[in-house]
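So you know, we letter chains A, B, ... as the sequences are listed, proteins then strands, and number each from 1.
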Amino acid sequence: MSKKPNELTIIEAARALRAGELTVRALWDACVAAAEAKNPALFAYLEIFPADEAAIAEAQKRIDEEGERAPLLCGIPLAIKDNILIEGKIASAASRMLENYTATYDATVISKLKEAGALFVGRTNMDEFAMGSSTEHSAFGATKNPHDTKRVPGGSSGGSAAAVAAHLCIAALGTDTGGSIRQPAALCGLVGMKPTYGAVSRSGAIAMGSSLDQIGPLAKTAQDAQILFDAIRGKDPLDSTTIPDGLYPAHEVPKTLRIGVPRHLLGESLTAEVRAAFDTTLEKLSAAGHALLDVELPTSGHALAAYYVIMPAEVSTNLARLDGIRYGRFAEGDTLLDDYLHSRTEGFGPETRRRILLGTFVLSSGYIDAYYRKADAARGVLRDEYAKAFEKVDVIAFPTTLAPAFTFGEKSDPISMYLEDIFTVTANLTGMPALSVPMGTAARGGKELPLGIHFTAPHQAEAVLFAAARAVLPA
Amino acid sequence: MVTTEDVKKLAALSRITIDDGELGAFTSEFDAIVAYVGQLEALDVPADLATKKPSLRNVMREDGEPYAPGAFTEKVAAQFSAREGDALAVKQIITHE
């Protein structure tokens, strides 16, 4: 075996475990050794967990006894974003507010992964409460991009992305409210996928924007991302927003794809390398027999503005529950109101406070029609435009980001940071599944930085989405 | 134009304090964001869409299938900022004076 165990994909590791070339213990040790060696420089993990000996032994036993029938994730070490609850472990959402909060139950995705025999290496760094595109808003320090440690890994699931890219685990879970899985996947050279709204249970995920949030995979290949997605998806009685199979019209996976390209969105703000890599990738797809068609999505230019109304509105509502009384950071004052004020002021970082205030503003009397209701209407228009485009194409393609990974501090004003998500937010607004796949690199300061191509598919057409990913990145 | 007074008011509504030292920078950044999202004003949306019910709504269910009493009490109570037995202790809100 030329690769080290921690460098394997899920499929490669599962095969090696079944062939007896590798033990679960050796795979765990390789991942944890890499994590412990590299985490001081990368800060991908907020915490590396001690080995769960019983789970390791059980996974090995299951592989020995069940062989090919054992789940593919059995014995596979995964990294989990710090806003997903694992019973008995701290889940802080990278915030001082929840620094000492211990999860009292497993998130549904964690229960499903435990049932499949997966192992958890640790909890990964992120922007506080998933608000950011670089992990620079983590209360505990920023994660570095493994491709160039002077640069950000993207965010908010930047710790999960860096952990997978640096082989500090085999694959990871993140959450995506406006691009928080796909943008770090693009900047770290991974496949990152946001499922259809309702495809994956959010029970046990720390809520940010409840009409937008989804949990999804970050992986080294499209096949791995699909394995992880298949393991966590499904209707859940603990999350009433989860949807049954077949809620939306079925989409067969065609032999060749009709790929819609909204060329009117590819303006001057795209960097030259991103444009060149995107064009080259499309040419390759065309040469392989896939059809490229122009599509018009005229309201896309307003998507980010609509997102920055709806998301903060939901953030201010969701984070209102954090007052230091029942759990989380408690800072005592003279009165009960002072307790709230002190706990929330000490507990929340600047970006979180900014978005809570913005949400309070757009929901306030006199502004709710001009901002929130208008944004909600824009969301409906976007959904209709995408639905119309999907009458003639199977997927819609554009670059995931305008540029490769940026340097720390480069986007210190909030709007320049928000623009990182200009292409990714629309899929959250429409609820459609979307993913980012590596598409070449851009050279910066002697380093080759990954770039990503982004595909959106109709609701519940994840199989079509993964087919597009495999077309770009064959196994 | 968002003023420092507006930001202070919003902060009070949000149960957050913005220090005087950071109020200036916070207000100008906030103002820029409000100006950015203000571009939505220029967007024409069909009248029927602007008034129709949102496609996402809260889903309610009947109460039922409770956990066994006490099943989570200790775990939940362990997170309290202050406790008296299994009860959450908070400051007195109403006085009898």
Worksheet item: Looking at A:P414, A:G347, A:G431, which has the largest count of heavy-atom pairs under 4.5 Å with chain B?
Response: A:P414
Worksheet item: Quick one: CG on B:L10 to CZ on A:R354, what's the gap to the nearest 0.5 Å?
Response: 14.0 Å
Fill in: B:L43 versus A:H302, closest heavy-atom pair with distance
CD1-CD2, 3.4 Å
Discussion item. Below 4.5 Å, heavy-atom pairs only: which of A:D369, A:T299, A:N100, A:I356 has the largest tally toward chain B?
Written reply: A:I356
Discussion item. Given heavy-atom pairs under 4.5 angstrom as the criterion, report whether the side chain, backbone, both or neither of B:F26 touches chain A.
Written reply: side chain
Worksheet, complete the sentence: A:T104 and B:F72 have their tightest heavy-atom pair at O-CE2, 3.8 Å
Fill in: Most contacts with chain B, counted as non-hydrogen pairs under 4.5 angstrom, among A:Y327, A:Y340, A:Y105, A:F361
A:F361
Response to the item:
Interface check, chain B: of A:I325, A:V309, A:L336, most non-hydrogen pairs under 4.5 Å belong to A:I325
Worksheet item: Measuring heavy-atom distances to chain A, does B:Q92 have an atom under 4.5 Å in its side chain, in its backbone, in both, or in neither?
Response: neither
Worksheet entry | Region of B:L88 in contact with chain A, defined by heavy-atom distances below 4.5 Å | side chain
Worksheet item: When rounded to the nearest 0.5 angstrom, what distance separates CD1 in B:I16 from NE2 in A:H342?
Response: 13.0 Å
Practice prompt. Examine whether an atom of A:E346 lies under 4.5 Å from a heavy atom of chain B, and if so say whether it belongs to the side chain, the backbone or both; otherwise answer neither.
Written response: neither
Response to the item:
Minimal heavy-atom distance between A:F330 and B:S81, with the atoms involved, is CG-CB, 3.5 Å
Fill in: Toward chain B, the part of A:L382 with a non-hydrogen atom under 4.5 Å
neither
Worksheet entry | A:L319 versus chain B, the contacting section by heavy-atom distance below 4.5 Å | neither
Fill in: Proximal component of B:V34, with respect to chain A [non-hydrogen, under 4.5 Å]
both
Practice prompt. Examine whether an atom of A:Y307 lies under 4.5 Å from a heavy atom of chain B, and if so say whether it belongs to the side chain, the backbone or both; otherwise answer neither.
Written response: neither
Item to complete: Determine the minimum heavy-atom distance between A:G301 and B:Q39, stating which atoms define it.
Response: O-OE1, 3.5 Å
Discussion item. What verdict does the side chain to side chain contact (heavy atoms under 4.5 Å, CB included) test give for B:I18 and A:L357, after you've listed the backbone C-alpha separation in whole Å, the side-chain angles of each residue and the deciding distance to 0.1 Å?
Written reply: CA-CA 10 Å; B:I18 307 285; A:L357 260 62; 4.3 Å; yes
Worksheet, complete the sentence: Checked B:K9, B:E29, B:M60, B:E41 vs chain A; the most non-hydrogen pairs under 4.5 Å come from B:E29
Practice prompt. Answer yes or no: is there a side-chain heavy-atom contact under 4.5 Å between A:L304 and B:Y36?
Written response: yes
Discussion item. For B:V45 versus A:A378, what's the shortest heavy-atom pair and its separation?
Written reply: CG1-N, 4.2 Å
Worksheet item: Side chain, backbone, both or neither: which part of A:S316 has an atom under 4.5 Å from a heavy atom of chain B?
Response: neither
Worksheet item: Is it the backbone or the side chain of B:F80 that comes under 4.5 Å from a heavy atom of chain A, or both, or neither?
Response: both
Item to complete: For A:K235, look at atom NZ and say whether over 12 heavy atoms of other residues, nucleotides or ligands are found less than 6.0 Å away.
Response: yes
Discussion item. For A:D323, is there an ion pair with B:R15 - N to carboxylate O distance below 4.0 angstrom?
Written reply: no
Discussion item. Counting only non-hydrogen atoms closer than 4.5 Å, does A:Y197 touch chain B with its backbone (N, CA, C, O), its side chain (CB onward), both, or neither?
Written reply: side chain
Practice prompt. Working to the nearest 0.5 Å, report the span between CG of A:D334 and NZ of B:K91.
Written response: 7.5 Å
Discussion item. I need the B:I93 CD1 to A:T335 OG1 distance, nearest 0.5 Å.
Written reply: 10.5 Å
Item to complete: Give, as side chain, backbone, both or neither, the part of B:L40 having an atom under 4.5 angstrom from any heavy atom of chain A.
Response: both
Discussion item. Among A:D413, A:L341, A:L337, A:V362, which residue has the highest count of heavy-atom pairs closer than 4.5 Å to chain B?
Written reply: A:L341
Discussion item. Using a 4.5 angstrom heavy-atom cutoff, name the option from B:I33, B:V7, B:D44, B:D19 with the most pairs to chain A.
Written reply: B:I33
